[in-house]
Amino acid sequence: MGTAPMWLIVLSAVTAVTAQEDLYRKVFVFREDPSDAYVLLQVQLERPMLNFTVCLRSYTDLTRPHSLFSYATKAQDNEILLFKPKPGEYRFYVGGKYVTFRVPENRGEWEHVCASWESGSGIAEFWLNGRPWPRKGLQKGYEVGNEAVVMLGQEQDAYGGGFDVYNSFTGEMADVHLWDAGLSPDKMRSAYLALRLPPAPLAWGRLRYEAKGDVVVKPRLREALGA
């Protein structure tokens with residue numbers, strides 16, 4: 001009898017034990033550095049994406065490289081990736097290629113980032129704390145696969161695994177969303193301000209997830225806005 005593909009095994013396990021929760025005013029705390037901990041996110045997309053927006057909020061004192069959001073398909077492990085190689089720099093990957101956005105170095109505050117992409121124009125947008133950075137070109141005409149393993153805190157170098165713990169995230173993370181559409185500037189600012197947002201396939205208010213390793217859900221200690 002044949003062995004089930006790895007992606008079926010991984011997603012079946014997630015489906016079996018995934019919790020659904022409204023995480024308003026809560027955070028994931030990744031406690032160890034470096035760490036093998038991560039959070040698997042369950043998202044169901046009916047078709048490949050030609051547009052998307054991913055947003056999240058993070059709070060860390062790391063200076064080494066670390067992964068925030070990793071979306072891997074069988075064909076491409078860096079199908080979507082938000083990665084911070086060093087203070088003052090973010091990399092936004094689509095389909096294995098990336099653009100770099102240079103930002104002010106974090107001074108011990110929360111950082112809210114949104115990254116948006118559209119296939120038709122190949123335009124990549126990056127927003128930090130409610131402010132847009134200059135737009136860049138990335139993967140015009142590409143199509144993002146919809147069968148994916150999605151996780152926080154680790155970079156997938158293989159479908160559902162292949163971690164390097166020295167690219168792991170340590171700190172706190174919150175307000176994670178993924179839309180299968182681009183957001184308008186007003187909605188980008190609303191995401192930063194934690195205001196009412198359009199429905200999303202992956203939303204912090206009804207997040208389906210599985211925490212793996214030394215990562216826990218705790219109340220937020222500091223206000224993320226204007227901290």
Side-chain angles (χ1 to χ4, degrees), residues 2-16 18 20 38-56 67-83 90-101 113-127 132-133 135-163 175-185 187-188 190-191 197-210:
T3 302
M6 180 186 296
W7 70 271
L8 278 177
I9 295 170
V10 171
L11 293 181
S12 295
V14 174
T15 302
T18 297
Q20 181 168 343
Y38 58 98
V39 177
L40 280 168
L41 304 178
Q42 185 176 1
V43 56
Q44 292 184 341
L45 297 167
E46 295 182 358
R47 59 185 64 87
M49 293 190 290
L50 298 177
N51 306 274
F52 71 83
T53 305
V54 59
C55 296
L56 59 85
S67 175
L68 295 164
F69 181 95
S70 174
Y71 178 114
T73 64
K74 290 179 286 184
Q76 176 54 251
D77 54 355
N78 291 334
E79 188 79 322
I80 303 171
L81 177 65
L82 277 176
F83 189 82
Y90 281 89
R91 289 181 185 173
F92 175 33
Y93 287 75
V94 176
K97 297 183 179 181
Y98 70 88
V99 287
T100 298
F101 295 91
V113 297
C114 285
S116 182
W117 171 83
E118 59 184 29
S119 176
S121 66
I123 288 291
E125 290 187 21
F126 183 85
W127 292 64
W133 254 239
R135 288 170 282 193
K136 299 188 177 184
L138 179 64
Q139 290 285 57
K140 182 178 179 180
Y142 189 76
E143 187 175 273
V144 172
N146 58 315
E147 291 184 349
V149 175
V150 186
M151 64 179 62
L152 308 175
Q154 297 286 349
E155 179 191 1
Q156 300 175 73
D157 285 331
Y159 189 68
F163 308 143
D175 297 340
V176 182
H177 292 79
L178 172 67
W179 289 270
D180 53 354
L183 291 192
S184 67
K187 293 303 181 184
M188 289 289 200
S190 293
L197 292 167
L202 193 160
W204 192 247
R206 55 181 189 282
L207 198 69
R208 295 182 63 84
Y209 71 91
E210 180 187 2

Asks: Looking at every non-hydrogen atom in both residues, tell me the closest pair between L81 and E155 and how far apart they are.
Replies: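 Distance-wise, the nearest heavy atoms are CD2-OE2, 3.8 Å.
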Asks: With sequence neighbours excluded, give me every side-chain hydrogen bond (donor to acceptor under 3.5 Å, both in side chains) pair touching residues 114-124.
Replies: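 Qualifying pairs: T53-S116, E118-S121.
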Asks: Between OH of Y93 and CZ of F69, what distance do you get to the nearest 0.5 Å?
Replies: 15.5 Å
Asks: Only counting residues at least two apart or in another chain, list the ones meeting side-chain hydrogen bond (donor to acceptor under 3.5 Å, both in side chains) with Q154.
Replies: none
Asks: With a 4.5 Å heavy-atom cut-off, do L197 and S190 have their side chains touching?
Replies: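 In short, these two side chains touch, coming nearer than 4.5 Å.
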Asks: Between the main-chain N or O of P48 and the side-chain N or O of E143, is there a donor-acceptor pair closer than 3.5 Å?
Replies: no
Asks: Test of understanding: with ring-ring contact (aromatic ring centres under 6.0 Å, His included), list the residues that count as partners of Y38, not counting sequence neighbours.
Replies: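 For Y38, the residues satisfying ring-ring contact (aromatic ring centres under 6.0 Å, His included) (neighbours in sequence not counted) are F163.
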Asks: What closest approach, in Å, do F101 and A124 show between heavy atoms, and which atom pair accounts for it?
Replies: CZ-O, 4.1 Å
Asks: Looking at CH2 of W204 and CG of L56, how far apart are the two atoms once the value is rounded to the nearest 0.5 Å?
Replies: 9.5 Å
Asks: Under the rule for side-chain hydrogen bond (donor to acceptor under 3.5 Å, both in side chains), what residues qualify as partners of Q76, not counting sequence neighbours?
Replies: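 None.
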Asks: Sort out for me which residue in D180, L183, V94 forms a side-chain contact (heavy atoms from CB on, under 4.5 Å) with F52.
Replies: V94
Asks: Can you sort out the partners of K140 under side-chain contact (heavy atoms from CB on, under 4.5 Å), two or more places apart, ordered by chain and number?
Replies: none
Asks: If you define the side chain from C-beta out and look only at heavy atoms, does anything of Y71 sit under 4.5 Å from M49?
Replies: yes
Asks: Please report the shortest heavy-atom distance between A200 and L178, naming the atom on each side.
Replies: CB-O, 3.4 Å
Asks: Over all heavy atoms of both residues, which pair between L50 and Y142 is shortest? Give the atoms and the distance, please.
Replies: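 Scanning both residues completely, I find the closest heavy atoms to be CD2-O, 3.8 Å.
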Asks: Run the side-chain hydrogen bond (donor to acceptor under 3.5 Å, both in side chains) test against W127 and tell me which residues pass, sequence neighbours left out.
Replies: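 Expected list: E125.
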Asks: Indicate, with yes or no, if the rings of Y90 and F126 have centres closer together than 6.0 Å.
Replies: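 Centroid distance Y90-F126: below 6.0 Å, so yes.
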Asks: Compare all side-chain heavy atoms of Y209 with those of L152 and state whether any distance is below 4.5 angstrom.
Replies: no
Asks: In this structure, which one of T73, V144, V150 forms a side-chain contact (heavy atoms from CB on, under 4.5 Å) with I80?
Replies: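 Of the listed options, the one satisfying the test is V144.
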Asks: So, for D157 and D77, which heavy atoms are closest and what is the spacing to 0.1 Å?
Replies: O-OD2, 3.0 Å
Asks: For L45 and N146, which heavy atoms make the closest approach, and how far apart are they?
Replies: O-ND2, 3.1 Å
Asks: Ignoring hydrogens and geometry beyond distance, is a side-chain donor-acceptor pair present between Y159 and E79 at under 3.5 Å?
Replies: no
Asks: Got a sec, which residues hit ring-ring contact (aromatic ring centres under 6.0 Å, His included) with F83, two or more places apart in sequence or on another chain?
Replies: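 F83 satisfies ring-ring contact (aromatic ring centres under 6.0 Å, His included) with no other residue.
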Asks: With sequence neighbours excluded, what pairs up with T100 under the side-chain contact (heavy atoms from CB on, under 4.5 Å) test?
Replies: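 Here the qualifying residues are E89, R91, Y98, R102.
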Asks: Donor-acceptor pair, Q156 side chain versus S70 backbone, under 3.5 Å?
Replies: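 Judged by distance alone, yes, a pair lies under 3.5 Å.
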Asks: Are side-chain heavy atoms of P198 and K187 found at a separation under 4.5 Å?
Replies: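 When only atoms from C-beta onward are counted, K187 and P198 do touch, with a gap below 4.5 Å.
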